[in-house]
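Order of listing sets the numbers, starting from 1, for every ligand and every atom in it. Since we're looking at a predicted model, the values are computed, not measured.
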Amino acid sequence: MDTKYLDLLAEKFDSEEKVVTEIINLEAILNLPKGTEHFVSDLHGEYHAFQHVLRNGSGKVKEKITDIFQDQMTQEEIDEFATLVYYPEEKIKLIKNRFHDRHELNQWYETTIDHMIQLIPYASSKYTRSKLRKALPEQFVYVIEELLYKSDKYSNKKQYYEKIVQQLIMLGQADKLITGLSYTIQQLVVDHLHVVGDIYDRGPDPDKIMDTLINYHSLDIQWGNHDVLWLGAYAGSKACLANIIRICARYDNLDIIEDVYGINLRPLVNLAEKYYDDNPAFRPKEHPNRPLNEYEALQITKIHQAIAMIQFKLESPIIKRRPEFNMDERLLLEKVDYENNEVTVYGHTYPLEHTCFATIDPDHPETLLSEEQEVIDNLLLSIQHSEKLSRHMKFLMKKGSLYLRYNGNLLIHGCIPMDEQGNVEEMEIDGATYKGRALLDQFEYYLRQSFTHLDQTDDLATDMVWYLWTGEYSSLFGKRAMTTFERYFIRDKSAHKETKNPYYYLREDEAVCRELLEEFDLDPEQGHIINGHTPVKEVEGENPIKANGKMIVIDGGFSKPYQSTTGIAGYTLLYNSFGMQLVAHQQFNSKDEVLLNGADVLSVRRVVDKELKRQKVRETNVGQELLEQIDMLKRFMAYRYMN
Ligand SMILES: O=P(O)(O)OC[C@H]1O[C@](O)(COP(=O)(O)O)[C@@H](O)[C@@H]1O
Ligand SMILES: [Mn+2]
């Protein structure tokens, strides 16, 4: 090892005892049970439903409460205590209203604080003291530790503890303390979060999800196709940018663009008002509890058309300059017969309806009007200068990757593109051919490349990000072609079909999943593939656990607009030292409902795997890192203190 590095270590470990202590500490951690991993996917802007799942740890919080208090509390009390832990601020207010006098309230404070102090050691039994300390509310660390490490053996201390709690109550600190402890419990219950893609689009609050993730104690993200679309827009792809705005218009979410990210839509609105009128194919989908007035609905309908046409125009030149994308069939604007109002795609001719071709020159259909060009250029400038978007996109890049190998499992939002025979599919990029893991690495390379060159708008890297959204070999899209144009303008539904990559039926086969795990250098005996992206249609009897447990699909549909097809409101997965559990969530209606009824909209539970032997930190990714650190410290010890 480089002696300079060892000398640097000497600054931190300036005595033999310090090194020894650190080695002992790390060794001890290796022998603790593995922490709980929590997997979620396809959040699609549904912030409140996501918050709920995060706060209840997919049922883990209530499970711990039940373990400890089932003999002392009724089910109703357990539910109420759990709700308090999930939503302390609101629940405290509700509970306080119930009491007639100060005395009753103080009694409640005392019992509640006591219950929390009992729960915390149980919820943190897998952690070191120092990790627990980091999870405690900062301003109360000292007092809480006093309370936590009390021992009933010496009852002469009992009064001392009671005094501490009473003092806190008298000094008006009880609400803050209970709130802080609640968040500690939430944090202890889940050690690490995996977001298996699709934070953005369709739902109203992706930005709030991002803020939550930014403040979360430990997580990683596997990008979904919608996330990459936003990354692409920010990284300079105008086609991606037009797409995100089109989707926001379609789902009545333009306020995300305008109010949340501060992007001026005025020029687009002016263009829309000038060229477009009402059109049933472009009416926005309304939020159930946020009806639009007619004026707003009409305005969005116009914007929706304006940006969709800009999108179609912008896609043509990419397809032309990238023959390797093999997307000539998607040059739809050129396949339109503008005189007869019909289009020929994949060998079929269809009549067109609901067209809005006012800005199209039939001889040069892809040419943007100068007004359109100006609009999209301004939008790009504006989103690249949005401080908030920039913060969110940088975080998405920092914590994200296209796939992740973690504790023996392969986490990936979409798929690994395959042909019908089960071979991984090849794609030629810039003169070389890639497939399987190498292809995904290549995609990620280009995405990162594009992100570091925001000023480039039509280089290969930027076009590749758009390809990831919509190309046939994209591991995120996983379909042969995106039929957006057909869905707006062709009545015949058979033209709307998006054929899925064979991966989606091959993944039912255990042998295929084993091979894929090997492709990613993972042990097929131990590993699982964890996917999001395709809503599992529980109503039709589809099982999220496939291939004899090797494949787990956790997109159950947080996304409200998709819940009628899935029949439930999402799956999440938990992986602790005892094995894996899949949790099915019933529809989340509102926080108020949970607060008032204590009802948890959870959850059938299926055990995917039961470990025969409890897994320790030593066997995990983190364990590997710790082993390396120990090895280094031992060498440092020999170098510095043992000659
Ligand atoms: O119904 P919408 O929101 O218009 O979206 C349909 C589009 O979304 C996609 O399904 C991709 O989104 P998902 O990743 O959520 O499946 C496309 O394949 C399809 O064209
Ligand atoms: Mn997806």
Side-chain angles (χ1 to χ4, degrees), residues 39-46 195-204 206 209 221-232 239-240 242-254 256 281-287 300-301 304-305 307-308 311-312 315 327 330 332 345 354 396 400 402-403 411-417 443 466-490 493 495-501 503-504 530-537 553-566 570-571:
F39 302 72
V40 300
S41 87
D42 296 85
L43 305 171
H44 282 299
E46 297 296 341
V195 181
V196 193
D198 278 357
I199 295 163
Y200 278 88
D201 287 335
R202 301 204 177 110
I209 298 181
I221 298 168
Q222 293 71 54
W223 302 310
N225 45 336
H226 291 271
D227 306 323
V228 155
L229 192 63
W230 280 73
L231 287 170
C240 289
N243 260 292
I244 64 169
I245 296 175
R246 179 184 63 80
I247 296 172
C248 282
R250 179 166 153 75
Y251 282 86
D252 178 22
N253 283 328
L254 284 171
I256 300 175
F282 288 85
R283 283 255 152 185
K285 289 175 191 267
E286 286 190 33
H287 296 267
I300 298 172
T301 304
H304 190 182
Q305 295 170 80
I307 197 67
Q311 176 197 321
F312 296 134
E315 290 177 345
M327 289 177 78
R330 304 308 305 158
L332 273 309
V345 285
H354 306 314
L396 205 47
L402 211 48
Y403 66 87
L411 283 57
I412 176 165
H413 177 73
C415 71
I416 295 116
F443 286 146
W466 174 75
Y467 184 85
L468 270 174
W469 162 244
T470 190
E472 67 173 321
Y473 296 138
S474 156
S475 58
L476 295 180
F477 178 41
K479 295 173 187 165
R480 289 311 188 201
M482 195 174 289
T483 58
T484 314
F485 184 95
E486 289 91 323
R487 282 186 287 120
Y488 285 126
F489 302 125
I490 298 176
K493 283 225 160 46
H496 302 179
K497 191 168 165 38
E498 295 180 348
T499 310
K500 284 190 186 150
N501 187 280
Y503 171 88
Y504 288 100
I530 294 149
N531 271 175
H533 192 48
T534 48
V536 177
K537 297 184 176 151
V553 185
I554 59 170
D555 180 7
F558 270 97
S559 183
K560 282 239 171 66
Y562 276 45
Q563 281 169 3
S564 55
T565 62
T566 60
Y571 295 103

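- If you check which protein heavy atom lies closest to atom 7 (C) of ligand 1, you get Arg487 NH2, 3.6 Å.
- Contact detail for Asn501 and Pro417: the closest heavy-atom pair is ND2-CA, 3.7 Å.
- Residue Thr484 has no N or O atom closer than 3.5 Å to an N or O atom of ligand 1.
- Looking only at N/O/S atoms, His533 comes nearest to the Mn ion (ligand 2) through ND1.
- When only non-hydrogen protein atoms are considered, atom 18 (O) of ligand 1 lies nearest to Glu498 OE1, 2.5 Å.
- In terms of protein heavy-atom proximity, atom 14 (O) of ligand 1 is closest to Asn225 ND2, 2.7 Å.
- When you scan the N, O or S atoms of His413 for the one nearest the Mn ion (ligand 2), you land on NE2.
- Near Phe477, with a cut-off below 4.0 Å to any heavy atom, the atoms of ligand 1 are 18 (O).
- Residue side and main chain included, Thr534 places no N/O/S atom under 2.8 Å of the Mn ion (ligand 2).
- At the top of the distance list for atom 3 (O) of ligand 1, counting protein heavy atoms only, stands Tyr251 OH, 2.4 Å.
- Classification of the Phe443-Tyr467 ring pair by plane angle, with boundaries at 30° and 60°, yields tilted.
- Residue, atom and distance of the protein heavy atom nearest to atom 10 (O) of ligand 1 are Lys479 NZ, 3.2 Å.
- Looking only at protein heavy atoms, the nearest one to atom 4 (O) of ligand 1 is Arg250 NE, 2.7 Å.
- Distances between N or O atoms of His413 and those of ligand 1 include no value under 3.5 Å.
- Side-chain contact between Arg246 and Thr484: present, with at least one pair of heavy atoms (C-beta onward) separated by less than 4.5 Å.
- Polar contact check, Thr483 against ligand 1: no nitrogen or oxygen pair lies under 3.5 Å apart.
- The two residues Asp198 and His413 have their closest heavy-atom pair at OD2-NE2, 3.1 Å.
- For ligand 1, one of its N or O atoms has an N or O atom of Arg202 under 3.5 Å away.
- For Asp198, the N, O or S atom closest to the Mn ion (ligand 2) goes by the atom name OD2.
- Close approach to His44 involves these atoms of ligand 1, each under 4.0 Å from a residue heavy atom: 15 (O).
- A salt bridge links Arg330 and Glu486; the closest N-O separation between the charged side-chain nitrogens and carboxylate oxygens is under 4.0 Å.
- Contact record, Trp223 with Leu476: O-CD2, 3.3 Å, taken as the closest heavy-atom pair.
- Looking only at heavy atoms of the protein, atom 12 (O) of ligand 1 is closest to His226 NE2, 2.7 Å.
- Here the shortest heavy-atom pairing between Glu46 and Gly203 reads OE2-CA, 3.8 Å.
- For residue Asp42, no N/O/S atom approaches the Mn ion (ligand 2) to within less than 2.8 Å.
- His287 and Asn253 form a side-chain donor-acceptor contact under 3.5 Å, judged by distance and modelled atom types alone.
- When all heavy atoms are compared, the tightest approach of Ser41 to Phe558 is O-CD1, 3.4 Å.
- Ring orientation note: the planes of His304 and Tyr488 are nearly perpendicular, at an angle over 60° on the 30°/60° scale.
- At a 4.0 Å cut-off, at least one heavy atom of Asp198 sits close enough to ligand 1 to count as contact.
- Listed here is the closest heavy atom pair of Thr483 and Ala495: CG2-O, 3.6 Å.
- Looking at atom 16 (O) of ligand 1, its nearest protein heavy atom turns out to be His533 CE1, 3.8 Å.
- The side chain to side chain contact (heavy atoms under 4.5 Å, CB included) test with His533 singles out one residue from Ile412, Val196, Asn225, Val553, and that residue is Asn225.
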